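These notes are about the structure you will find just below.
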Amino acid sequence: MSTQSALLKVMSDAARKAARGLNRDFGELAELQVSKKGAADYVSAADLKAEQTLFEALAKARPGYSFLGEERGLIEGTDKTHTWIVDPLDGTTNFLHAIPHFAINIALQREGVVVAAVTYNPITNELYWAEKGKGAFVNDKRLRVAARRHLDESVLATGIPFLGHGQHAKFLKELHQISQRVAGVRRFGAAALDMAFVAAGRFDGFWERDLKPWDMAAGLLLIAEAGGKVTNADGEDDVLGSGSVLASNLELHPLILEKLKLAN
Ligand code: IPD
Ligand code: CA
Ligand code: CA
């Protein structure tokens, strides 16, 4: 049941390989007394190296597939029907601050549809994976979204806009509508893991705006395959193109959306 296909194995192996480098760099970063600027350069080098490792591993296994990575942008392959969508390090700010909460995110899109996903947390060694129509897993355990049906018992994750990024006033209005009705709101700083946590039933829901396709592509499939619902934050189907996301189980989705709408 939880046996990975050849495709998922390629993706998982690539993620684990890139993770070895990230783990090493993370360990050193936590030790180093680097200046703020020095640390930032160090992290962006770690990020670039991880993307290079992923690019090489994926291209070797599936030559010709296109590759959309956060650092390199779109590299068109000869096969226009398949595109890898990759964030080599999601949670960069956590990484920079030696906070052990970050992930490698890999999705495969076929004809515009995400068909395979891997989100890997190298610190906890949790590898979240899904293939379209075949369910979602963490390591060898099946994933299911949470069963809670009421906002007042739910814990939601979100992302807070930061310097030079996002719509601050709009976010505060949305938070105002949500926070007074739920058991808790969390901001952990890695959208890929926020989505994996929804798939795993840890978070009851997640919403965030101003994200990129590589933040969300893998999570989309993980959550759908774990029985959840994923739309953009306005309740529409186009998630990757819109840059926003709202994900939860089927019961909570309309309840969260209704509150977000009150803010807009
Ligand atoms: C960021 C993280 C964060 C989200 C930001 C993203 P990065 O990705 O996912 O949780 O709030 O909007 O840009 O830069 O760490 O890859
Ligand atoms: Ca990211
Ligand atoms: Ca990133």
Side-chain angles (χ1 to χ4, degrees), residues 14-15 18-19 21-23 25-26 29 39-55 58 67-75 84-107 114 117-123 126 128 155-168 170-172 174-175 178 185-199 202-203 205-223 230 232-233 239-247 260:
L22 282 184
N23 268 348
D25 292 335
F26 185 72
L29 188 86
D41 290 345
Y42 193 83
V43 171
S44 67
D47 211 326
L48 283 169
K49 240 185 333 181
E51 187 160 316
Q52 182 63 24
T53 303
L54 293 168
F55 177 74
L58 296 171
F67 183 98
L68 173 66
E70 179 171 16
E71 308 302 326
R72 305 170 145 242
L74 180 66
I75 299 170
W84 300 112
I85 304 181
V86 170
D87 191 341
L89 171 57
D90 185 58
T92 322
T93 305
N94 285 344
F95 194 95
L96 177 62
H97 287 252
I99 297 168
H101 189 77
F102 53 89
I104 290 167
N105 226 16
I106 308 173
V114 178
V118 163
T119 298
Y120 183 50
N121 179 340
I123 299 290
E126 286 173 311
Y128 300 86
V155 171
L156 305 193
T158 188
I160 304 177
F162 46 94
L163 180 67
H165 185 98
Q167 308 161 66
H168 297 251
K170 186 177 179 125
F171 171 75
L172 286 179
E174 292 186 342
L175 185 65
I178 299 284
V185 177
R186 300 287 182 269
R187 196 306 185 232
F188 285 2
L193 291 177
D194 291 332
M195 293 183 80
F197 280 21
V198 172
R202 293 174 176 169
F203 289 143
F206 169 60
W207 91 99
E208 185 165 350
R209 294 182 185 274
D210 302 292
L211 289 173
K212 300 289 190 195
W214 44 81
D215 297 317
M216 303 183 285
L220 270 186
L221 184 64
L222 287 172
I223 295 169
V230 190
N232 68 26
V239 176
L240 297 186
S242 73
S244 76
V245 62
L246 166 58
L260 291 178

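Note that this is a predicted model, so its numbers are computed, not measured. Below, each value reflects all heavy atoms present in this structure, side chains not excepted, and no hydrogens, waters or symmetry copies. Order of appearance sets the numbers: ligands from 1, and atoms from 1 within every ligand. The chain is numbered in sequence order, starting from 1.
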Which of the numbered atoms in ligand 1 are below 4.0 angstrom from a heavy atom of [X]?
X      : value
Asp87  : 16 (O)
Gly189 : 2 (C), 3 (C), 10 (O)
Thr92  : 7 (P), 14 (O), 15 (O), 16 (O)
His165 : 12 (O)
Glu70  : 16 (O)
Leu89  : 16 (O)
Ala190 : 9 (O), 10 (O)

Test your reading of the model: is there a side-chain donor-acceptor pair from [X] to the backbone of [Y], 3.5 Å cut-off?
X      : Y      : result
Asp215 : Ala191 : no
Asn94  : His101 : yes
Glu70  : Trp214 : no
Thr119 : Asn105 : no
Asp47  : Pro88  : no

### Message
Please find the pair of heavy atoms, one from Ala15 and one from Val118, that lie closest to each other, and give the distance.
### Response
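Looking at all heavy atoms of both residues, the shortest contact is CB-CG1, 4.0 Å.
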Would one find an N or O of [X], backbone or side chain, under 3.5 Å from an N or O of ligand 1?
X      : value
Ala192 : no
Phe162 : no
Ala191 : yes
Gly159 : no

### Query
Thr158 pairs by side chain to side chain contact (heavy atoms under 4.5 Å, CB included) with which of Ile178, Val185, Asp194?
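Answer to the side chain to side chain contact (heavy atoms under 4.5 Å, CB included) test with Thr158 among Ile178, Val185, Asp194: Val185.
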### Task
In plain terms, say whether Lys212 and Asp87 are close enough for a salt bridge, that is, a side-chain N and a carboxylate O under 4.0 Å apart.
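Between Asp87 and Lys212 there is no salt bridge, as every charged N stays at least 4.0 Å from the carboxylate O atoms.
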### atom 13 (O) of ligand 1 [closest protein heavy-atom partner, distance rounded to 0.1 Å]
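Of every protein heavy atom, Asp215 OD2, 4.3 Å lies nearest to atom 13 (O) of ligand 1.
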### Query
Considering only the protein, which heavy-atom contact is closest to atom 11 (O) of ligand 1, and what is its distance?
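Here the nearest protein heavy atom works out to Glu208 OE2, 2.5 Å.
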### Task
Answer with side chain, backbone, both or neither: which part of Met195 has a heavy atom less than 4.0 angstrom from an atom of ligand 1?
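Contact part for Met195 vs ligand 1: neither.
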### Under-4.0 Å heavy-atom contact with ligand 1, by part of Leu211 that carries it
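Leu211 to ligand 1: side-chain contact only, backbone stays beyond 4.0 Å.
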### Query
Once you round to the nearest 0.5 Å, how far does CZ of Phe55 lie from CG of Leu48?
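One finds 13.5 Å between CZ of Phe55 and CG of Leu48.
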### Task
Rounded to the nearest 0.5 Å, what's the gap from CG on Leu260 to CZ on Arg209? Could you check?
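Leu260 CG to Arg209 CZ: 6.5 Å, rounded to 0.5 Å.
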### Query
By atom name, which N, O or S atom belonging to Glu70 lies closest to the Ca ion (ligand 3)?
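Looking at Glu70, the N, O or S atom with the least distance to the Ca ion (ligand 3) is OE1.
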### Task
Please name the atom of Asp87, restricted to N, O or S, that is closest to the Ca ion (ligand 3).
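When I compare the N, O and S atoms of Asp87, OD1 is nearest to the Ca ion (ligand 3).
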### Message
Any N/O/S atom, side chain or main chain, of Pro88 closer to the Ca ion (ligand 3) than 3.0 Å?
### Response
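Pro88 does not place any N, O or S atom closer than 3.0 Å to the Ca ion (ligand 3).
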### Of Tyr120, Phe188, Phe26, the residue whose pairing with Phe102 passes ring-ring contact (aromatic ring centres under 6.0 Å, His included)
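It is Phe26, the one option of Tyr120, Phe188, Phe26 that forms the ring-ring contact (aromatic ring centres under 6.0 Å, His included) with Phe102.
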### Query
Does NZ or CZ of Arg186 come closer than 6.0 Å to the centre of the six-membered ring of Phe203, within 45° of the ring's axis?
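Cation-pi check for Arg186 and Phe203: fails.
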### Task
Counting heavy atoms only, name the option from Asp90, Thr158, Asn105 that's nearest to atom 8 (O) of ligand 1.
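Nearest option to atom 8 (O) of ligand 1, by heavy atoms: Asp90.
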### Task
Could you tell me whether Lys170 atom NZ has more than 12 heavy atoms of other residues or ligands within 6.0 Å of it?
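Buried by this count: over 12 neighbours within 6.0 Å.
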### Task
Confirm or rule out an N/O/S atom of Asp215, from backbone or side chain, lying less than 3.0 Å from the Ca ion (ligand 2).
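Yes - counting backbone and side chain alike, Asp215 has an N, O or S atom under 3.0 Å.
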### Task
Write the atom name of the N, O or S atom in Asp90 that is nearest the Ca ion (ligand 2).
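When I compare the N, O and S atoms of Asp90, OD1 is nearest to the Ca ion (ligand 2).
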